[in-house]
Protein chains: 2
Amino acid sequence: MKKTDINSTEIAKLAGVSRSTVSRVINNYSNVPAETREKVLKVIQQYNYFPNVSAQVLAGKRARTIGLFLIEQGNVSGDMLTNMLIVSVIEHASEHGYYVLTHIIRDAKDTEMIKNVKEIFFQRRIDGGIFIGAAIHEPFIEELIDEGFVIGIVDQTLSDHPEPNRIVSKFNNDSGMKQAVAYLAGLGHSKIGVINGDMNRLSGQTKYEGYKTAMRMCGLQVNPNWVLNGDDFHERSGYKVIQKLMSQETDLPTAIIAANDSVAFGAIRALKEHKLRVPEDLSIIGFDDHALSEKHHPALTTIRVDFSDMLKRMTSCLITKIEQKTLDIKEITVDCSLVVRESCRRI
Amino acid sequence: MKKTDINSTEIAKLAGVSRSTVSRVINNYSNVPAETREKVLKVIQQYNYFPNVSAQVLAGKRARTIGLFLIEQGNVSGDMLTNMLIVSVIEHASEHGYYVLTHIIRDAKDTEMIKNVKEIFFQRRIDGGIFIGAAIHEPFIEELIDEGFVIGIVDQTLSDHPEPNRIVSKFNNDSGMKQAVAYLAGLGHSKIGVINGDMNRLSGQTKYEGYKTAMRMCGLQVNPNWVLNGDDFHERSGYKVIQKLMSQETDLPTAIIAANDSVAFGAIRALKEHKLRVPEDLSIIGFDDHALSEKHHPALTTIRVDFSDMLKRMTSCLITKIEQKTLDIKEITVDCSLVVRESCRRI
DNA sequence: CTGAAAGCGCTTACAG
DNA sequence: CTGAAAGCGCTTACAG
């Protein structure tokens with residue numbers, strides 16, 4: 001039943017024009033009279049003709065595809081947040097008529113994997129790419145930028161990176177931490193600990209810096225015993241870090257701010273195992289407002305970040321840049337705000 | 001800094017051979033002496049050359065890209081299951097050296113959206129596609145199959161669809177329902193209701209059929225009042241259906257089997273609002289073993305389905321078929337098994 | 001074993 | 001307003 005592939009030559013013949021004209025119609029050239037246009041369009045419709053995208057790209061058009069690169073060692077598949085990120089990019093790209101090729105980078109240190117990523121760009125499969133989960137300095141991404149590819153990086157600053165083909169989005173973690181500490185201080189807490197995330201990531205660092213600043217602003221002491229260094233932003237990290245804390249003979253803080261909600265879940269799980277209740281015995285605040293936070297027991301008080309909106313903006317900026325339109329904003333800033341639920345109590 | 005794009009002509013020149021030979025090396029032709037091969041490869045490495053994929057495709061190679069189409073009206077982004085599905089396909093395709101273009105179909109009835117989907121195939125962006133969430137009979141998918149595209153459909157049977165380019169995966173819902181009913185019967189339940197899912201989907205129908213059969217096998221009566229017809233497979237549907245049941249003056253069942261876990265969550269939420277506890281007042285069994293089911297309160301007893309494995313197999317089959325290798329299995333059957341947790345009690 | 005040449009299906013200056 | 005032609009970067013029979 002397969003219709004033998006029809007091409008522009010066929011369409012031209014059927015419409016009684018040249019391939020040039022067919023192409024002009026497809027590409028909306030203004031110098032085609034309405035009549036001719038209609039005639040050609042009719043044939044195109046009728047024969048269900050869609051121009052071969054490879055031929056178009058080879059002839060100089062864009063692939064209208066962007067790459068979405070998720071750098072995640074572990075269980076990408078388990079996290080709802082990841083899903084939201086993927087879907088946000090897909091849907092917003094789709095609004096601009098772009099497609100997205102999603103790629104997972106399990107290990108940004110693996111040469112083979114990096115080669116695969118580069119290949120995607122050099123093969124011209126995509127017009128640009130968005131990276132999520134990258135370390136502060138990721139050499140292979142820098143190379144791609146040097147090569148002139150349009151690159152969006154989540155959780156980075158522009159600061160000393162003036163390349164016009166770099167787009168970044170950064171989180172206002174400073175503000176988030178200030179809100180968290182202020183809220184806890186307001187509840188009467190002064191013994192406030194923190195669980196750090198991945199310090200190779202910008203958010204890992206800015207959250208910790210934000211925490212220290214916020215504590216100082218509130219006139220509170222940072223107790224080094226309560227600065228818990230997690231490995232990453234996952235549940236397990238929060239769990240491990242609390243286990244370690246409990247195994248030591250130190251005083252406990254009355255409240256802990258976790259690097260994100262997943263980490264907070266892990267921390268709460270560990271606390272439970274030690275018969276410590278949240279918030280009765282210890283207050284916990286997370287970051288992100290993960291889809292589960294609301295349903296968690298206890299419902300998690302957290303600093304909400306609108307990832308969906310961020311990715312929407314990032315996707316738009318990327319596409320704007322790809323299409324060479326002038327792009328004024330190349331740094332997207334994402335604000336955050338406290339969501340009070342049930343994991344903190346007044347003392 | 002952007003290296004001006006290097007192409008096969010350049011490589012040929014640098015290696016002192018013809019473009020033909022460069023191409024032969026790239027495509028692993030056997031008739032290239034090791035020496036020549038090394039020489040060319042060295043230059044390729046050195047100049048970071050990757051063949052332009054559009055040119056390759058235009059010249060007759062495959063795009064090495066598959067499409068993943070998710071048909072989902074509502075909140076695709078909220079569901080962890082969806083995420084797992086996406087990631088499974090991406091990772092398994094990646095193992096075969098394929099990329100995946102993910103596309104979301106919000107409304108399979110929308111002509112514009114359907115046109116977009118067809119376009120992806122006709123433009124030759126992809127070598128084949130996998131559809132998840134399709135109705136039993138989806139005309140536009142049938143058209144694509146008629147056109148000869150290699151298509152994988154999740155939750156369909158092959159039965160009277162003998163096309164060689166159709167691959168399906170079906171769930172053994174019959175077995176799942178038998179296990180669910182048997183388990184409940186074993187706990188002493190005889191008043192067992194069911195919440196149906198989307199009856200336009202194969203699983204919607206087979207689950208209901210399976211339920212009826214299983215009840216009969218166990219010598220139990222199906223009470224029509226306890227056959228609750230949900231709209232789809234989402235949380236809200238389970239909620240609505242229970243609200244409706246409670247607003248009627250009918251006897252309640254002692255146990256309910258939900259079309260899937262999300263529906264079960266919704267049902268439990270509604271029951272809670274009516275001060276009915278699970279499992280004390282009513283037992284509930286779900287389907288899927290959603291990532292949340294374990295963490296749910298109460299932890300949900302469910303029929304586990306290994307989606308990840310299914311998609312892995314489907315992806316492999318699709319790619320095998322794309323590469324024209326002989327494909328013996330074109331129908332993947334997925335078994336399921338009861339996972340006992342805390343949402344059912346003995347009566 | 002290897003090169004010259006045709007061809008894949010488009011787009012777009014160029015000329016009229 | 002429109003067609004003939006060159007060109008995009010590959011692959012692969014074909015001929016040697």
Side-chain angles (χ1 to χ4, degrees), chain A residues 3-41 43-44 47-65 119 121-127 323-324, chain B residues 3-41 43-44 47-65 119 121-127 323-324:
Chain A
K3 292 171 198 159
T4 47
D5 273 333
I6 194 162
N7 57 24
S8 68
T9 309
E10 296 291 322
I11 298 292
K13 215 172 287 171
L14 289 159
V17 296
S18 69
R19 284 154 72 222
S20 313
T21 300
V22 171
S23 181
R24 287 194 191 95
V25 169
I26 287 167
N27 293 292
N28 279 312
Y29 276 46
S30 54
N31 57 355
V32 181
E35 231 175 315
T36 314
R37 193 182 159 67
E38 291 314 319
K39 189 172 60 180
V40 174
L41 241 25
V43 180
I44 288 179
Y47 286 81
N48 232 300
Y49 166 70
F50 295 94
N52 180 308
V53 77
S54 294
Q56 288 184 309
V57 173
L58 200 55
K61 305 296 262 188
R62 285 181 210 100
R64 298 190 82 77
T65 306
E119 187 174 32
F121 283 89
F122 282 101
Q123 285 183 328
R124 302 281 156 181
R125 277 183 187 274
I126 56 179
D127 302 313
E323 301 192 336
Q324 314 276 18
Chain B
K3 293 172 198 157
T4 47
D5 272 334
I6 194 161
N7 58 25
S8 70
T9 308
E10 296 291 322
I11 298 292
K13 215 173 288 171
L14 289 159
V17 297
S18 70
R19 286 153 73 222
S20 312
T21 299
V22 172
S23 181
R24 286 194 192 96
V25 169
I26 287 167
N27 293 292
N28 278 313
Y29 275 45
S30 54
N31 56 354
V32 181
E35 231 176 315
T36 315
R37 193 181 159 66
E38 291 314 319
K39 189 172 60 182
V40 174
L41 240 27
V43 180
I44 288 180
Y47 286 81
N48 231 302
Y49 166 70
F50 294 94
N52 180 308
V53 77
S54 294
Q56 288 184 308
V57 172
L58 200 55
K61 306 296 263 188
R62 285 180 210 100
R64 297 189 82 77
T65 307
E119 188 174 31
F121 283 90
F122 282 101
Q123 285 183 325
R124 301 282 156 183
R125 277 183 188 273
I126 57 178
D127 302 314
E323 301 193 334
Q324 313 275 18

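Below, all heavy atoms of this structure are taken into account, side chains as well, without hydrogens, waters or symmetry copies. To find a chain, count down the sequence lines: A is the first, B the second, and so on, and within it residues start at 1. What you see is a predicted model; the values in this text were computed from it and never measured.
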For the pair made of [atom1] in [X] and [atom2] in [N], what is the distance, rounded to whole Å?
X: B/Ile6; N: D/dG9; atom1: CD1; atom2: P; answer: 12 Å
X: B/Glu35; N: C/dT2; atom1: CD; atom2: C1'; answer: 15 Å
X: A/Lys61; N: C/dA13; atom1: NZ; atom2: P; answer: 10 Å
X: A/Arg19; N: D/dG7; atom1: CZ; atom2: C1'; answer: 11 Å
X: B/Asn7; N: D/dG7; atom1: CG; atom2: P; answer: 14 Å
X: B/Ile44; N: D/dG9; atom1: CD1; atom2: P; answer: 16 Å
X: B/Asn28; N: D/dC10; atom1: CG; atom2: C1'; answer: 16 Å
X: A/Asn27; N: D/dT2; atom1: CG; atom2: P; answer: 16 Å

Q: Could you measure between the two C1' atoms, the one in D/dG16 and the one in D/dT12, and give it in whole Å?
A: 16 Å
Below 4.0 angstrom from OP1 or OP2 of [N], is there any side-chain N or O of [X]?
X: A/Thr21; N: D/dG3; result: yes
X: A/Ser8; N: C/dC10; result: yes
X: A/Ser20; N: D/dT2; result: no
X: A/Asn52; N: C/dC10; result: no
X: A/Asn31; N: D/dC1; result: no
X: A/Tyr29; N: C/dT12; result: yes
X: A/Thr36; N: D/dT2; result: yes

Side-chain contact, heavy-atom cut-off 4.5 Å: [X] with [Y]?
X: A/Val22; Y: A/Lys13; result: no
X: A/Tyr29; Y: A/Ser23; result: no
X: B/Lys61; Y: B/Asn27; result: yes
X: B/Glu323; Y: B/Arg64; result: yes

(Q) Quick check on DNA chain C: between B/Val32 and B/Leu58, whose nearest nucleotide comes earlier from the 5' end? (A) B/Val32
(Q) As a quick check of understanding, evaluate side chain to side chain contact (heavy atoms under 4.5 Å, CB included) for B/Leu41 and B/Val25, giving each step before the final call. (A) CA-CA 7 Å; B/Leu41 240 27; B/Val25 169; 3.5 Å; yes
Q) For the side chain of B/Ser18, counting heavy atoms from C-beta on, which of D/dC10, C/dG3, C/dG9 is nearest? A) C/dG3
Q) Nearest to the side chain of A/Val17 - D/dG3, D/dT2, C/dC1? A) D/dG3
Q: Please state whether the base of C/dG3 and the side chain of B/Arg24 form at least one donor-acceptor pair under 3.5 Å?
A: yes
(Q) Going by purine N1 to pyrimidine N3 plus the second Watson-Crick contact, or the G-U wobble pair, all under 3.5 Å, which nucleotide sits opposite C/dG16? (A) D/dC1
(Q) We want to know whether B/Thr65 and A/Arg125 form a side-chain donor-acceptor pair, criterion being a heavy-atom distance below 3.5 angstrom. (A) yes
